[in-house]
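Below, chains carry the letters A, B, ... as their sequence lines are ordered, and counting in each starts from 1.
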Protein chains: 2
Amino acid sequence: MKKVGKFVSYTDQVYREVKGAVISQDIVPGETLQERQIADTLGVSRTPVREALKRLEFEGWVETIPWKGVVVKEIERQDILEVFQCRYANEGYVAKLIAPTIEDAHIQDLNRIDQRMREAAAVVNRQEFINEDRNFHMYLAQLTNNERLIQFLDHLSDQLLRLGIRAVAEEARMDEALEEHKAIIQALKAKAPETAAQAVEAHIQNTEKVVMNLIDEEDWEWA
Amino acid sequence: MKKVGKFVSYTDQVYREVKGAVISQDIVPGETLQERQIADTLGVSRTPVREALKRLEFEGWVETIPWKGVVVKEIERQDILEVFQCRYANEGYVAKLIAPTIEDAHIQDLNRIDQRMREAAAVVNRQEFINEDRNFHMYLAQLTNNERLIQFLDHLSDQLLRLGIRAVAEEARMDEALEEHKAIIQALKAKAPETAAQAVEAHIQNTEKVVMNLIDEEDWEWA
DNA sequence: AAGTAACATCTGGTATACCAGACACCAAAC
DNA sequence: GTTTGGTGTCTGGTATACCAGATGTTACTT
């Protein structure tokens with residue numbers, strides 16, 4: 001968002017602060033936020049707080065309930081399903097789109113990300129694994145040069161962050177995911193659009209299964 | 001956006017006003033808007049204007065250039081390509097998703113929209129034709145019950161509105177589009193996911209071709 | 001005449017004051 | 001004890017004042 005030089009507006013700071021708190025579950029769904037309260041806590045006026053909250057509302061993180069306050073939206077089973085549906089539709093297409101024109105340098109970049117993920121898996125660093133996984137998927141998206149697509153997928157990924165490291169709770173899943181990524185890279189290297197798309201779709205579907213199982217097993221009290 | 005009863009905030013009014021002006025080309029790309037100027041014109045203070053502009057910026061309609069003002073974003077060839085790519089990926093998936101569980105009532109609704117489009121085509125009412133075309137596509141999207149998908153496609157459609165009625169400048173295209181819609185409806189009625197998806201994808205690809213040809217033929221001076 | 005420095009005046013960013021709607025609570029009436 | 005009505009105090013919505021950065025112009029210096 002608009003910055004001149006090193007200038008970062010209070011609005012952006014508040015935005016990141018609150019969004020981070022929502023993602024990391026510091027603010028629990030159902031909890032109500034108030035402009036004045038946040039403004040006092042962060043030591044700024046209501047204006048930047050107000051703008052940050054508006055943006056968060058637009059992005060679907062919070063919901064304004066008139067005369068009550070801003071409440072963090074619950075994350076429900078349906079939300080996860082929606083996100084995975086969207087990812088399925090778009091990331092498969094991404095693979096189809098970029099396969100024909102992918103370059104060696106891109107494959108090398110992907111392998112580098114893959115390598116870092118393997119290292120993270122080796123020491124069971126789930127957070128790092130997840131971060132690099134996101135990099136992997138977003139790297140593919142960026143190769144389309146389609147800003148709208150990139151932004152959409154980025155936003156979808158953001159929402160999954162609230163699931164935390166649950167998606168790779170089992171170490172075995174990390175190895176599976178790595179194999180699936182390998183298949184994707186190979187299909188891309190072979191410049192095979194359909195194969196690549198199928199590999200991506202399978203990968204996402206598998207991830208979805210793991211996540212949904214976890215949700216259904218846990219006492220999923222966020223919903 | 002948040003309304004209590006019949007209350008509509010100034011922010012919303014300004015938002016619709018400006019967005020409408022952009023879509024209908026009353027405000028031409030490159031033109032700079034200023035908070036104070038709009039506020040004076042519409043007789044409200046800067047605050048609601050500011051919030052409306054922020055939202056428009058977030059949605060990609062305008063761009064803030066520091067110390068200059070807010071300028072309406074140009075619509076370029078690349079933008080159209082991006083929108084059609086996104087529609088291709090998502091609407092095909094929509095068809096695949098809804099085909100298995102579509103009900104007779106839905107088919108009837110689609111036929112009703114189709115009927116209205118035929119009437120519009122008969123009297124060469126391009127505006128009406130386009131409106132109903134949008135209804136057709138959004139109706140399909142809504143059957144997925146995937147709010148994120150629906151919102152994304154809605155936003156994409158919005159952006160195409162700036163093309164105006166160019167997409168159906170030739171009457172022949174209207175008939176083609178109607179045939180393609182018919183194919184979609186039939187595939188859905190047969191509950192054939194793959195066929196339906198292909199029909200939708202073909203339809204979008206054809207529309208894209210027509211639009212792109214028009215853009216390349218015209219002296220496309222917006223870009 | 002050319003260059004430069006000061007300033008007037010744009011911009012958006014922020015802080016603050018005030019308003020009306022909504023609601024909770026308590027007191028008074030029955 | 002129950003109901004009802006008024007009031008205090010929440011909320012977000014809006015208007016306004018002020019600030020700092022950026023810029024373009026003007027006036028003065030050389």
Side-chain angles (χ1 to χ4, degrees), chain A residues 1-22 27-74, chain B residues 1-22 27-74:
Chain A
M1 217 59 170
K2 159 188 354 161
K3 36 183 185 208
V4 182
K6 286 196 269 190
F7 175 74
V8 177
S9 68
Y10 285 157
T11 299
D12 285 355
Q13 290 181 40
V14 174
Y15 168 78
R16 288 178 201 162
E17 195 80 24
V18 177
K19 180 170 158 185
V22 172
I27 307 177
V28 57
E31 190 169 345
T32 77
L33 306 173
Q34 286 128 14
E35 291 181 1
R36 285 176 173 85
Q37 171 197 324
I38 298 174
D40 291 346
T41 304
L42 300 181
V44 297
S45 82
R46 275 180 60 208
T47 308
V49 172
R50 181 180 178 73
E51 295 186 349
L53 289 181
K54 276 264 159 128
R55 190 168 156 196
L56 288 166
E57 180 183 7
F58 187 80
E59 289 181 359
W61 297 100
V62 301
E63 189 176 7
T64 301
I65 296 184
W67 324 119
K68 278 298 180 185
V70 175
V71 305
V72 178
K73 270 201 185 167
E74 315 250 357
Chain B
M1 222 53 168
K2 159 187 350 160
K3 36 181 185 209
V4 181
K6 285 197 269 189
F7 174 73
V8 176
S9 68
Y10 285 157
T11 298
D12 285 354
Q13 290 180 41
V14 174
Y15 168 78
R16 288 178 201 162
E17 195 80 23
V18 177
K19 179 170 160 186
V22 171
I27 307 178
V28 57
E31 190 169 344
T32 77
L33 305 173
Q34 285 128 16
E35 292 180 1
R36 286 175 173 85
Q37 171 198 324
I38 298 174
D40 291 345
T41 304
L42 299 182
V44 298
S45 82
R46 276 180 60 208
T47 308
V49 172
R50 179 181 179 72
E51 296 186 347
L53 289 181
K54 277 266 159 129
R55 190 169 158 195
L56 288 167
E57 180 183 6
F58 188 79
E59 290 182 358
W61 295 101
V62 301
E63 188 177 9
T64 300
I65 296 183
W67 325 120
K68 278 298 179 186
V70 175
V71 304
V72 178
K73 269 202 186 167
E74 315 251 357

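- In plain terms, the two heavy atoms of Glu74(A) and Pro29(A) that are nearest each other are CA-CB, 3.8 Å.
- Each of Thr11(B), Val18(B), Ile38(B) was evaluated against Val49(B); a single residue qualifies, Ile38(B), per the side chain to side chain contact (heavy atoms under 4.5 Å, CB included) test.
- Atom pair Arg50(A):CZ and dA17(C):C1' shows a separation of 14 Å (rounding to whole Å applied).
- Minimum heavy-atom separation, Ala52(A) to Tyr15(A): CB-N, 3.6 Å.
- Within residues 42-49 of chain A, the residues that have a heavy atom under 4.0 Å from DNA chain C are, in order of number, Val44(A), Ser45(A), Arg46(A), Thr47(A), Pro48(A).
- Between the CG atom of Asp40(A) and the P atom of dC10(D) there is a distance of 13 Å, given to the nearest Å.
- A salt bridge is defined here as a Lys NZ or Arg NE, NH1 or NH2 lying under 4.0 Å from an Asp or Glu carboxylate O, and Glu63(A) with Lys73(A) fails to meet this definition.
- For the pair Asp12(B) and Arg55(B), the salt-bridge criterion is met [side-chain N within less than 4.0 Å of a carboxylate O].
- For the pair Ile65(B) CD1 and dG13(C) P, the computed distance is 13 Å after rounding to whole Å.
- Val22(B) pairs with exactly one of Leu33(B), Val28(B), Val72(B) by the side chain to side chain contact (heavy atoms under 4.5 Å, CB included) rule, that one being Val72(B).
- Here dG12(D) presents its P atom at 11 Å from CD of Glu57(A), a figure rounded to the nearest Å.
- Atom CD in Gln13(A) sits roughly 13 Å away from atom C1' in dT14(C) (whole-Å rounding).
- With hydrogens and angles disregarded, no donor-acceptor distance shorter than 3.5 Å links the side chain of Glu59(A) to the backbone of Leu56(A).
- Gln37(A) has its CD atom 13 Å from the C1' atom of dC10(D), to the nearest Å.
- Among the heavy atoms of the strands lying under 4.0 Å from Gln34(B) are primed sugar atoms or P, OP1, OP2 only; no base atom is included.
- Under 4.0 angstrom from either OP1 or OP2 of dT14(D) there lies at least one side-chain N or O belonging to Thr11(B).
- Phosphate proximity of dG24(D) to Lys68(B): present, with a side-chain N or O under 4.0 Å from OP1 or OP2.
- For the pair Arg55(B) CZ and dG13(D) P, the computed distance is 12 Å after rounding to whole Å.
- Nearest-nucleotide mapping onto DNA chain C: of Arg36(A) and Leu33(B), the residue sitting toward the 5' end is Leu33(B).
- Between the P atom of dT9(C) and the CD atom of Glu35(B) lies a distance of 21 Å, rounded to the nearest Å.
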